[in-house]
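A note on names: the letters A, B, ... follow the listed sequences, proteins ahead of strands, and every chain is numbered from 1.
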Amino acid sequence: MSGDHLHNDSQIEADFRLNDSHKHKDKHKDREHRHKEHKKDKEKDREKSKHSNSEHKDSEKKHKEKEKTKHKDGSSEKHKDKHKDRDKEKRKEEKDGKLKKPKNKDKDKKVPEPDGKKKKPKKEEEQKWKCIFTLDYLMQTLQHSLTNNLFLFSPPRIKDEPEDDGYFAPPKEDIKPLKRPRDEDDADYKPKKIKTEDIKKEKKRKLEEEEVSKETSALLGLEFGIGTTFEANGFREFNWSVVEEKLACVQWEEERYPEGIKWKFLEHKGPVFAPPYEPLPESVKFYYDGKVMKLSPKAEEVATFFAKMLDHEYTTKEIFRKNFFKDWFEYFLAVFQKIKEENEKLLKEYGFCIMDNHKERIANFKIEPPGLFRGRGNHPKMGMLKRRIMPEDIIINCSKDAKVPSPPPGHKWKEVRHDNKVTWLVSWTENIQGSIKYIMLNPSSRIKGEKDWQKYETARRLKKCVDKIRNQYREDWKSKEMKVRQRAVALYFIDKLALRAGNEKEEGETADTVGCCSLRVEHINLYPELDGQEYVVEFDFLGKDSIRYYNKVPVEKRVFKNLQLFMENKQPEDDLFDRLNTAILNKHLQDLMEGLTAKVFRTYNASITLQQQLKELTAPDENIPAKILSYNRANRAVAILCNHQRAPPKTFEKSMMNLQSKIDAKKEQLADARRDLKSAKADAKVMKDAKTKKVVESKKKAVQRLEEQLMKLEVQATDREENKQIALGTSKLNYLDPRISVAWCKKWGVPIEKIYNKTQREKFAWAIDMADEDYEF
DNA sequence: GCTATAACTTAGAACTTAAAAT
DNA sequence: ATTTTAAGTTCTAAGTTATAGC
């Protein structure tokens with residue numbers, strides 16, 4: 001490969017400007033906007049002129065379907081809400097009823113109102129109110145606690161009322177103490193005489209007791225054991241008012257119980273449990289040390305205990321706080337542990353499949369949870385609701401003789417198919433773009449590994465004919481046909497700059513990003529001369545994931561002239577290559593070499609660059625860390641070529657400053673050491689004895705050591721600065737033939753673990769197996 | 001041809017864990 | 001031992017390419 005072809009100086013130089021490329025995204029917004037308007041008009045025109053029936057129908061159909069789903073979702077939501085409301089109302093009614101009921105009873109005065117009865121409903125009200133209050137209060141106080149540097153919850157976006165599913169409400173039936181009528185007429189109270197029990201009589205007594213119980217029950221006109229039905233909701237079903245009426249009517253003689261005996265009949269409904277914890281809404285966040293922290297429901301609940309007491313002086317007491325935090329952290333540490341274990345269990349069970357006699361790891365066995373869609377860049381659909389995927393959305397793919405996984409109880413799959421022409425196990429249609437999502441195998445699987453290997457083999461085949469292809473497109477720059485010229489210039493960019501193919505995208509569905517074929521006039525600037533270079537093309541556009549591509553490249557004169565030609569009489573929003581698209585380009589490439597597509601050039605150029613850079617940078621007698629540094633530099637050259645960028649880490653500035661202060665401190669140390677050395681030398685000159693000489697030697701060494709340390713720090717600083725926005729991972733994982741790296745490791749005795757981590761070794765197992773030290777890409 | 005779409009690869013961010021520095 | 005930083009993992013969006021159906 002000719003050196004000038006790929007990374008000429010200008011490119012490297014340009015890449016140092018990457019620093020501000022993220023910031024410049026905004027600049028594109030305006031342009032994007034203009035483009036959209038423009039395209040809309042264009043499309044309108046096209047539609048007018050075409051009036052293709054089927055297209056029209058189709059789009060209409062699509063639209064209708066969208067409406068339908070919208071409606072569906074909407075209505076179901078509404079339905080839910082209605083339901084909720086109804087439930088609420090029902091509960092309200094119940095409560096009101098309870099309030100009234102006792103009043104009615106007061107009227108007939110058959111049963112005197114025990115004190116508790118009147119208060120009970122009031123208490124309910126109070127309790128519920130307190131609950132609402134508590135939540136509101138929580139939100140306020142928690143926020144307030146920020147200043148106390150404890151923890152806080154963010155202000156809820158929606159003011160959620162606590163869901164009262166009866167948890168905070170009292171049981172549906174009032175619980176009143178079963179009071180005997182005798183309370184009112186104590187005067188007539190004549191307890192029966194019964195002698196103190198002795199053991200012999202125990203049995204008899206029991207029998208008697210039972211009889212009394214039976215008696216009571218009989219008097220009440222009920223079966224023995226009044227409230228023995230225990231419903232799932234926790235409340236026994238019998239009617240207190242009936243019981244009370246019966247009890248009121250009964251007149252019986254009260255007897256005196258033997259000493260120690262308190263009663264002979266007792267029936268009640270058991271205790272009411274504390275309501276289960278109602279988790280706070282999603283919008284309420286827990287902050288610890290200024291950072292959002294997800295809490296398990298249990299830990300969250302315990303946190304609310306504290307929060308509820310924030311205004312109490314308890315919380316200012318050291319012991320109280322200490323104990324709380326100890327317990328609390330233990331609490332959710334345990335819960336954390338449990339979650340971890342559960343995840344492991346899930347992976348063990350669902351994370352694998354069997355394909356052709358191999359147990360294979362599945363890449364993404366979890367269905368994407370619902371949430372808000374987060375597009376990249378300036379995405380028109382950002383914030384839209386990503387629906388929950390139900391079993392009814394899921395298509396299962398497995399072999400006919402396999403056991404079909406069973407859907408969750410009460411559900412069924414959308415479809416079960418047996419298609420062995422595809423590799424996916426599960427698929428569903430996502431609701432934002434309407435695209436299909438798949439569950440597929442891990443990169444370590446046979447099926448993915450083989451495909452990966454194939455990819456690099458295709459790139460190697462390109463290596464054999466790339467010169468011919470390059471000559472071809474150079475010829476085509478002169479073609480009479482516009483289409484051929486555009487194709488040739490586009491291919492030149494794809495080859496030289498490793499640009500992506502650049503499919504057309506549907507307007508308004510995605511962020512406005514482009515690749516080679518979809519470049520617009522506004523994305524390039526032509527400079528017949530710039531900074532002492534001739535025929536410079538300046539690229540500035542947003543590529544995949546809205547990552548900015550900015551580069552100034554000197555090109556051959558013919559290319560330059562062609563670009564001028566393509567741009568003639570065009571608006572900035574017009575396509576640069578108006579006679580070209582990816583289909584045309586790839587069809588042509590297919591003719592040049594079997595299996596050749598635009599992206600093969602990226603793979604080829606990435607891999608060949610690594611190989612060549614490794615050759616250039618590896619110094620035979622350097623130690624292993626130095627060799628690894630060379631490898632990373634070669635890797636970085638590829639990442640720069642492919643424009644693999646990342647947002648600078650959030651802590652970048654801070655950690656950079658830390659490093660800088662370390663460097664400064666080291667410099668000071670060094671200056672001190674040098675001063676010491678100087679004075680020691682002066683001493684030595686005067687004294688001329690062995691002792692002072694020794695001191696000089698040791699001071700010299702100290703200076704040397706510090707110098708080395710300083711250098712190391714400085715190298716680290718520049719290294720980090722250079723890597724600020726460059727992502728090495730993507731190229732390593734997707735573009736570099738792993739056999740190049742394996743061979744390099746073998747050749748220089750670098751352990752493969754230094755280059756590939758465990759996951760990467762698994763993915764590239766085929767290459768580690770295959771390549772020896774003189775493998776040539 | 002052109003469009004829709006299915007299937008698959010490539011991508012950076014967010015999150016988690018391990019290692020290094022203090 | 002604790003904090004900071006880096007490495008590793010997971011997640012899923014956003015591309016490319018082939019193909020089916022007009």
Enquirer: Side-chain N or O of A:N757 versus OP1/OP2 of C:dA7: is the shortest distance under 4.0 Å?
Expert: no
Enquirer: Within the structure, does a side-chain N or O atom of A:K455 lie under 4.0 Å from either OP1 or OP2 of B:dT10?
Expert: yes
Enquirer: Looking at every strand, decide which applies to A:P443 at a 4.0 Å heavy-atom threshold: base, sugar-phosphate, or nothing.
Expert: nothing
Enquirer: Measure the distance from CZ on A:R374 to P on C:dA14 and round it to the nearest whole Å.
Expert: 12 Å
Enquirer: Side-chain N or O of A:K386 versus OP1/OP2 of C:dA13: is the shortest distance under 4.0 Å?
Expert: yes
Enquirer: On DNA chain C, check which nucleotide each of A:T651 and A:G543 is closest to and give me the residue with the more 5' one.
Expert: A:T651
Enquirer: Does A:K381 count as lying over the ring of A:F373, i.e. NZ or CZ under 6.0 Å from the six-ring centre, within 45 degrees of the axis?
Expert: no
Enquirer: Which comes earlier along DNA chain C counting from the 5' end, the contact point of A:G502 or that of A:K654, where each point is its nearest nucleotide?
Expert: A:K654
Enquirer: Does a side-chain N or O of A:K437 approach OP1 or OP2 of C:dA13 to a distance below 4.0 Å, or not?
Expert: yes
Enquirer: Taking only N and O in the side chain of A:H379, is any of them less than 4.0 Å away from OP1 or OP2 of C:dA14?
Expert: yes
Enquirer: For B:dA7, does either OP1 or OP2 sit under 4.0 Å from a side-chain N or O belonging to A:K421?
Expert: no
Enquirer: Please determine whether a side-chain nitrogen or oxygen atom of A:R376 lies at a distance below 4.0 Å from atom OP1 or OP2 of C:dC11.
Expert: no
Enquirer: I want to check one thing: is the phosphate of B:dG12, taken as OP1 and OP2, less than 4.0 Å away from some side-chain N or O of A:T730?
Expert: yes
Enquirer: Is A:K599 close enough to B:dT9 that one of its side-chain N or O atoms is under 4.0 Å from OP1 or OP2 there?
Expert: no
Enquirer: Between A:Y549 and A:F541, how do the two ring planes meet: parallel, tilted or perpendicular, split at 30° and 60°?
Expert: parallel
Enquirer: On DNA chain B, check which nucleotide each of A:R500 and A:N581 is closest to and give me the residue with the more 5' one.
Expert: A:N581
Enquirer: Have a look at A:R548 and tell me which of A:D540, A:T513, A:N643 forms a side-chain hydrogen bond (donor to acceptor under 3.5 Å, both in side chains) with it.
Expert: A:D540
Enquirer: Please state whether the phosphate of C:dG15, meaning OP1 or OP2, lies under 4.0 angstrom from any side-chain nitrogen or oxygen of A:T513.
Expert: yes
Enquirer: Respond yes when some side-chain nitrogen or oxygen of A:Y735 is under 4.0 Å from OP1 or OP2 of B:dA11, and no when none is.
Expert: yes
Enquirer: Taking only side-chain nitrogens and oxygens of A:R720, does any of them come within less than 4.0 Å of OP1 or OP2 of C:dA6?
Expert: yes
Enquirer: Could you tell me whether the side chain of A:R579 and the main chain of A:E481 form a donor-acceptor pair under 3.5 Å?
Expert: no
Enquirer: Is the phosphate of C:dT12 approached by A:K366 (side-chain N or O, under 4.0 Å from OP1 or OP2)?
Expert: no
Enquirer: So A:F373, base contact, sugar-phosphate only, or nothing? Heavy-atom distance under 4.0 Å.
Expert: sugar-phosphate
Enquirer: Considering just the side-chain nitrogens and oxygens of A:N503, establish if one lies under 4.0 Å of OP1 or OP2 belonging to C:dG15.
Expert: no
